J.: 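The structure is given below, and queries will be raised subsequently.
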Amino acid sequence: MAIDVTAVKKDFPIFDQEVGGKRLVFLDSAASSQKPRAVLDAMDGYYSTTHANVHRGVYAIAEEATRLYELARRRVGAFVGADDPAEVIFTKNVTESFNLIAYSWGRANLGRGDVVVLSSMEHHANLVPWLQLAEERGIVLRYLGLTDDGRLDTSELERELDGARLVSITACSNVLGTLTPVREVADAAHAAGALVAVDGAQLVPHVPTEVGALGADFFGFTGHKMLGPTGIGVLWARRELLEAMPPFLGGGEMISDVRTDGFSPAELPWKFEAGTPPIAEALGLAAAVEYLEKLGMDAVREHEKALSAYAIASLTERFGDDIKIHGPLDAGSRGGLISFAFKGIHPHDLSQVLDEHGVCVRAGHHCAKPLMRHLGVAATARASWSVYNDEPDIDALGDALVDADRIFS
Amino acid sequence: MAIDVTAVKKDFPIFDQEVGGKRLVFLDSAASSQKPRAVLDAMDGYYSTTHANVHRGVYAIAEEATRLYELARRRVGAFVGADDPAEVIFTKNVTESFNLIAYSWGRANLGRGDVVVLSSMEHHANLVPWLQLAEERGIVLRYLGLTDDGRLDTSELERELDGARLVSITACSNVLGTLTPVREVADAAHAAGALVAVDGAQLVPHVPTEVGALGADFFGFTGHKMLGPTGIGVLWARRELLEAMPPFLGGGEMISDVRTDGFSPAELPWKFEAGTPPIAEALGLAAAVEYLEKLGMDAVREHEKALSAYAIASLTERFGDDIKIHGPLDAGSRGGLISFAFKGIHPHDLSQVLDEHGVCVRAGHHCAKPLMRHLGVAATARASWSVYNDEPDIDALGDALVDADRIFS
Amino acid sequence: MPGLEDLYREIILDHYRNPRNRGELPVPPAHAETGFNPLCGDEITVYVQTEGDRIVDVKLAGQGCSISQSSASMMSTAVKGKTIDEARRVVSTFKGMMSVHEQRLGGDEAERSSDALAELGDLVALQGVVKFPVRIKCATLSWNTFAQALDAVGAPNH
Amino acid sequence: MPGLEDLYREIILDHYRNPRNRGELPVPPAHAETGFNPLCGDEITVYVQTEGDRIVDVKLAGQGCSISQSSASMMSTAVKGKTIDEARRVVSTFKGMMSVHEQRLGGDEAERSSDALAELGDLVALQGVVKFPVRIKCATLSWNTFAQALDAVGAPNH
Ligand SMILES: Cc1ncc(COP(=O)(O)O)c(C=O)c1O
Ligand SMILES: Cc1ncc(COP(=O)(O)O)c(C=O)c1O
């Protein structure tokens, strides 16, 4: 079933308003998506009827809060094919998920000279934690390269993975939009004896996802990019890995016993959830997942792929060589976004002029500075879509680009 | 001005309902408080009008989101007398705040044999991170003892702080309710050349707080206990400490530059805020702080002190030696809670029976197992109050205790 | 909402007020395991004495709430005199009964067969606990600890 | 809502299209500093050549948006030929003008005096930037970098 964008837009309160007298054309969902009313209602309903701290209360509303929180874990896990809730850890964002891998698994398993393989299009979230470990422990980072059209270059995979302990790559570039061949990399990594971590931040909101099918050992994603609230992320990992890993953050909830001279960690998944968790946020994320499931992730994918195709075709038709779209040009190879350069106008200036037309795009390095250096630019402009975008949004982007041209040429 | 509890209760949607046919008597705010409508409205209003990721967007709603987020930082900081926003870091909860201290400051400054002084009434949040460091680095933990009536024993302070690098103590015990003489300990610690970290989780919601007056170098507190949302905590620390500390979590937002072989951290406070922050939660916490300020923290303190006095007096009068209240018996020496034992009935059973009467109390070790061992109990029952509680709530607790006695005796 | 009468059945309160098989056994020849309930700090130590593959004595030490104490007490009477394999089956039936909470969350598994439940005798009184999910850990604490003791007893190097 | 005309004044676009003092200076005798805008990845290098306490030349390299480029260009014409102390005063006046955003957040500081602003000449055109808080970092990038260069030049071991 196709997505009925008019109906969908009505579910998102932010589109009820005009911004500066203009219709809001929100093309920055890759930075953070908007939220449907169902997500806000789930959180408000929770706070208004049954809020209490979870896991320890022996009274009705605390039991209900605990039940809802653990149910949210199951729902969110099931959304990415993670059926064992012990393997689903709530973090504050996917950045924390990757830090958890680096601090806990990394520090327990990696030492001087150990090789971690990343790609040249990683977000800083899957980069800085490893750079910290390189500085602290002397691990060695190796980067998979890109093809000229911005795909992951797997031609030398076997050689590049040789001796690696971990391969940690994004499933979808937040700059190029490129979908990476995760399964192929995972199989090669496993053959080389390495574990595989996958950054699903830009995949899960847009493409039906099964952690098992991807071949991932660790998989992270983040709530606020998938119609969910801020303040919550997820780390999924295989149980045996999580069981062997030392705790990361220490505190309440993650222990089974504490003495003045030591402690024993709790069972999974709570071992990795220190302190009061993002309870309302977990419920909000579960509501987001339900909303996406109702639309159907296949339909979401088709809708966004069609938008990518339309964007690439219509912008190229309107602006020819004046627009340079980074990354592969077939919509099937990308998620829901395009990055571009337009007539030498700096992305900051582009974005500023577009805003005057109600069109929100992101301008900057998108937390992927090494990739920017690879592309030879300081910044790009990026337009990204979600379930509430349609072709008129892309047309509005094109119209606004014309105006930018007028001002700066 | 005294607190008008009837009016206040109307501000909290959760009290609009009955639970199991009974009026909700919520006496578990020390675990997590309820939220006024103003907090939910602040978050919904944000999501419904101007949600976008912060700090990098060059369009109107992103600029507004950034402005509101940074304004929230100022407001929340000002609430505890922290006037330099560079010193106010948003975390996911106070547990993360203490892990940040231990991972960043701790690992940069502490080695084998270095002494960290805690107290015997610390919450696991200010205990497990140091136990982890003891295991990993061989630091030595020393515990300040308690007097017989459950106060911090400062009689041997000078000797106990000798040679310490850090003193990390709670300002208010979440079990005993005891307020600790933070300033006295801080002065002694500074005289001994140690830094001072203070756990303000149970102080900030209940007592007017000034980090400067406390003499703290680090100060942590948590949003969900002070009428704010889940998913947000705060770490305040002196700028020169934060500047010298290495980053903790690595990722987006916390860098000024990233190369394939290294990175430079961003300015304060963003250096310690990796990834998309809890934006809506920060706004919700700012709204909570505004709500408390409108009531007036002096009035809040007077109201809750009066409730403590009433609880101690009325329960003692009703039950005599059948009830044993832990900690000091004068209300001025405690925050807004009492822990107690009643007729040998296990706290879990007590709480279960109380729930039948709509009375929510916490039963368990309250994430303070070493203190439980000190008290010689496995668990306590704890009743705690906030601005929406009144004397009839305490009377309801007493009535429900009578029923528990009937069932178990 | 489930009421207290679902939880605090008379037989449960009886085992709580008059716990059976309290005490300790010399280790060795008995085997002892200690379990914690991380929620409330309760601790229980289960002593198991076997002869061949038969459990000839069980004793219980430690403290806990009415649910954990009565569950332990009933367990001790249910497994004493049984073979290790028989005892394992009781453990598994009991834990199955207690996992209704998990099913409720998932919402897709059938109720336990009433045949299996019949085997549990008095222990069926604890079925009401599943309506109070936080208390399930109280009811299962002694069982998990006992199961660990059985594993240790059955281990080759014992 | 502030409009684009507040931001993209004609004089700003002129300096952007025709940047003054682009280029490099040999180091030494000149001093060079490089600054980053962490928001967008822009980089700027400021070359400062002094004779005694006078700034005899300033050159700019690097890339950036219209605001950062024009701000740098205007800065270079404003400080060239001034003494280090005079240049420092211009920096401070300019940064004061740019900190209105901070004041708006705090809400408790007075507007800049118009006298001080008059000193800035063309640079006053950048005042509109404060209505676009994220762009303030674009406008101040070259100034912060220049201030660092002045500190280094003025340092005793230079
Ligand atoms: C004194 C004290 N410190 C720390 C915490 C931990 O707070 P959070 O779970 O929000 O991190 C609590 C509450 O659980 C507490 O009472
Ligand atoms: C590919 C990718 N990974 C990681 C992140 C970090 O997400 P968060 O800021 O929610 O931790 C993002 C988004 O910023 C992203 O696009």
Side-chain angles (χ1 to χ4, degrees), chain B residues 17-24 28 31 123-124 127-128 174-175 326 339 341-382 400-409, chain C residues 1-19 22 34-46 60-74 98 101 125-142 144-145:
Chain B
Q17 63 177 350
E18 297 199 319
V19 173
K22 309 245 164 32
R23 176 172 86 84
L24 179 66
D28 195 20
H123 186 279
H124 293 164
L127 199 48
V128 180
N174 65 314
V175 178
H326 300 290
S339 266
F342 181 70
K343 292 202 96 175
I345 303 173
H346 191 282
H348 259 188
D349 292 317
L350 269 185
S351 173
Q352 195 86 60
V353 176
L354 268 46
D355 181 41
E356 191 73 7
H357 296 258
V359 177
C360 308
V361 302
R362 183 116 322 204
H365 56 61
H366 314 293
C367 295
K369 289 200 82 173
L371 176 57
M372 293 291 121
R373 294 214 170 82
H374 174 92
L375 296 174
V377 299
T380 76
R382 180 186 70 188
L401 286 176
V402 172
D403 194 41
D405 187 21
R406 182 187 59 77
I407 295 178
F408 287 100
S409 303
Chain C
M1 210 177 71
L4 280 189
E5 62 285 0
D6 292 319
L7 192 63
Y8 297 126
R9 306 266 171 90
E10 200 41 57
I11 186 153
I12 292 180
L13 291 176
D14 176 57
H15 275 269
Y16 174 52
R17 295 197 187 100
N18 312 296
R22 289 288 298 183
T34 299
F36 293 94
N37 183 340
L39 297 168
C40 56
D42 286 352
E43 276 182 45
I44 196 158
T45 303
V46 181
L60 303 160
Q63 51 185 333
C65 64
S66 61
I67 301 301
S68 82
Q69 292 292 295
S70 61
S71 180
S73 170
M74 289 192 256
M98 284 295 132
H101 169 55
L126 282 165
Q127 202 168 9
V129 172
V130 296
K131 296 182 191 156
F132 300 83
V134 172
R135 305 302 295 274
I136 292 175
K137 286 209 189 250
C138 308
T140 53
L141 174 62
S142 56
N144 290 332
T145 311

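For clarity, every value in this text was computed on a predicted model and none was experimentally measured. Labels below follow one simple rule: chain letters A, B, ... track the order of the sequence lines, proteins then strands, and each chain is numbered from 1.
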J.: Would you mind checking which part of B:Ile407 comes under 4.5 Å of any heavy atom in chain C, side chain (CB onward), backbone (N, CA, C, O), both or neither?
T.: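 Both backbone and side chain of B:Ile407 come within 4.5 Å of chain C.
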J.: Can you list everything that forms a salt bridge (Lys or Arg N to Asp or Glu O under 4.0 Å) with B:Asp28? Sequence neighbours excluded, please.
T.: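 Once residues adjacent in sequence are excluded, the partners of B:Asp28 under the salt bridge (Lys or Arg N to Asp or Glu O under 4.0 Å) criterion are B:Arg362, B:Arg382.
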J.: For C:Ser66, does its backbone N or O pair with a side-chain atom of B:Asp349 as donor and acceptor, under 3.5 Å?
T.: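 Checked: pair present.
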J.: Which heavy atom of C:Tyr16 sits nearest to which heavy atom of B:His346, and what is that distance?
T.: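 Looks like OH-N, 4.1 Å.
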J.: Counting only non-hydrogen atoms closer than 4.5 Å, does B:Ser351 touch chain C with its backbone (N, CA, C, O), its side chain (CB onward), both, or neither?
T.: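 No part of it gets close to chain C.
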J.: Of the backbone (N, CA, C, O) and the side chain (C-beta and beyond), which part of C:Gln69 lies under 4.5 Å from a heavy atom of chain B, both, or neither?
T.: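 For C:Gln69, there is no contact with chain B at all, as no heavy atom is under 4.5 Å.
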J.: Heavy atom to heavy atom, less than 4.5 Å: which residues from residues 7-15 of chain C reach chain B?
T.: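 Those residues of residues 7-15 of chain C which have a heavy atom under 4.5 Å from chain B are C:Leu7, C:Tyr8, C:Leu13.
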J.: Compute whether any side-chain donor of one residue and acceptor of the other, for C:Asp42 and B:His348, lie under 3.5 angstrom apart.
T.: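 The criterion, which ignores hydrogens and geometry beyond distance, is not satisfied for B:His348 and C:Asp42.
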